[in-house]
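Worksheet: the structure to be examined is printed underneath.
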Amino acid sequence: DLNTVDTLNATRDSRIREFLFETGLLPTLYYSVQLNLADINAMPAGSSVIQTLNGSLILHGVNAATSAQVLITKTNSGKISVASYKPVLINAPLFDLKGGIEYIRSLVSPVPSSIGHTVPIYFNLNFSANSNASAAALALPSAPATPLNLNAVNNSSLVTLTWADASNNETGFIVRRKDNNGHWNKIQNLSSNQILLEDLLRDVGTYDYKVIALNGSVPSAPTPTVTVIVDDITTPPNVLGKLNYQAMWTGCHGADAKGL
């Protein structure tokens with residue numbers, strides 16, 4: 001549960017949850033790995049062994065293969081501990097976390113000249129034997145299918161994104177954009193069955209987009225990225241009128257002008 005992050009600094013913890021991990025939408029980290037129970041059962045009590053575990057880490061809407069070198073200790077016939085022998089190195093750009101790190105850096109005064117984008121993770125886990133030999137392993141929620149046919153149409157500074165919903169178990173979608181700074185950032189999260197988003201850009205440049213379906217905190221693979229090149233930021237009159245309406249009259253007449 002990423003909402004339990006505790007660095008002994010309440011302000012930093014709040015920023016990590018809100019701007020880095022975005023726990024309001026993606027509160028859970030999952031690490032899935034298969035232990036060789038036959039080898040562990042054969043270990044004498046009090047013995048230890050170093051192993052490399054190859055698993056998958058789900059974090060911040062990304063599922064990536066992640067290895068961990070661990071020390072497995074059999075404390076008695078029914079208990080083992082699994083501790084990191086070497087730190088697990090989390091590469092922030094791989095998990096679309098670089099933008100959040102840089103935003104948090106900008107909030108610090110004075111602003112640090114740089115901040116690391118690789119985070120070492122240490123852990124120590126303790127397990128007890130399950131008295132029910134027929135009990136199944138804990139199962140993750142099923143990953144939704146990747147959205148299909150992502151398309152972007154640019155009208156001056158207004159980008160219209162459309163895609164096809166290919167799953168029947170998604171709880172929502174994340175739309176992420178990579179700006180001129182090279183960081184992926186969430187521009188919107190949408191409810192299930194949504195297949196369109198308009199994004200009004202403020203600066204010229206090259207922008208990449210991708211869409212990820214979610215089932216809780218479990219993501220689909222991302223769509224292939226689409227690229228938009230913006231060399232004119234003139235807002236089309238119809239869009240400008242819509243924005244002005246939403247800014248001035250939404251509270252009275254509703255966002256769709258149908259009244260409240």
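No experiment lies behind these values; they were computed from the predicted model shown. Hydrogens, waters and symmetry mates play no part in the numbers below; they use all other heavy atoms, side chains included.
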Next on the checklist: Between N76 and K79 (side chain of the first, backbone of the second, donor and acceptor by atom type, cut-off under 3.5 Å), is there such a pair?
Outcome noted: yes

Checklist entry - For V218, what are the other residues in its hydrophobic cluster, where any two members join if their side-chain heavy atoms are less than 4.5 angstrom apart? => result Y30, I58, L140

Checklist outcome for this item: Which of R176, H183, K178 passes side chain to side chain donor-acceptor pair (under 3.5 Å) with D96? It is R176

Next on the checklist: For S220, is there any backbone N or O sitting under 3.5 Å from a side-chain donor or acceptor partner on T146?
Outcome noted: no

Checklist entry - Do F95 and L20 share a hydrophobic cluster, counting only Ile, Leu, Val, Met, Phe, Trp and Tyr and linking them when any side-chain heavy atoms are less than 4.5 Å apart? => result yes

Checklist entry - Does CG in L94 sit with more than 12 non-hydrogen atoms of other residues, nucleotides or ligands closer than 6.0 Å? => result yes

Checklist entry - Distance-only, no hydrogens or angles: does the S84 side chain make a donor-acceptor pair with backbone N or O of F123 under 3.5 Å? => result yes

Checklist entry - Honestly curious: do L89 and L53 fall in one hydrophobic cluster under the side-chain, below-4.5 Å linking rule? => result no

Checklist entry - Do the side chain of N215 and the main chain of S142 share a donor and acceptor less than 3.5 angstrom apart? => result yes

Next on the checklist: So does V204 get a backbone contact from the side chain of N180, meaning a donor-acceptor N/O pair under 3.5 Å?
Outcome noted: yes

Next on the checklist: Pairing donors with acceptors under 3.5 angstrom, does anything connect the side chains of N126 and S81?
Outcome noted: no

Checklist entry - Any side-chain heavy atom of T52 within less than 4.5 Å of one from Y85? => result no

Checklist entry - Do L201 and R177 have side-chain heavy atoms sitting under 4.5 Å apart? => result yes

Next on the checklist: Contact between V153 and T162 at the side-chain level, heavy atoms closer than 4.5 Å - yes or no?
Outcome noted: no

Next on the checklist: Quick one, F21 and V5 - any side-chain contact, counting heavy atoms below 4.5 Å?
Outcome noted: yes

Checklist entry - Are any non-hydrogen side-chain atoms of V211 and L197 less than 4.5 angstrom apart? => result no

Checklist entry - Checking S167 side chain against P144 main chain: does a donor-acceptor pair fall under 3.5 Å? => result no

Next on the checklist: Could you check whether D199 and Y209, counting side-chain N and O atoms only, form a donor-acceptor pair closer than 3.5 Å?
Outcome noted: yes

Checklist entry - Does a side-chain heavy-atom distance below 4.5 Å link N154 with Y207? => result no

Checklist entry - Would a distance-only check, ignoring hydrogens and angles, find a side-chain to backbone donor-acceptor pair under 3.5 Å from K74 to N41? => result yes

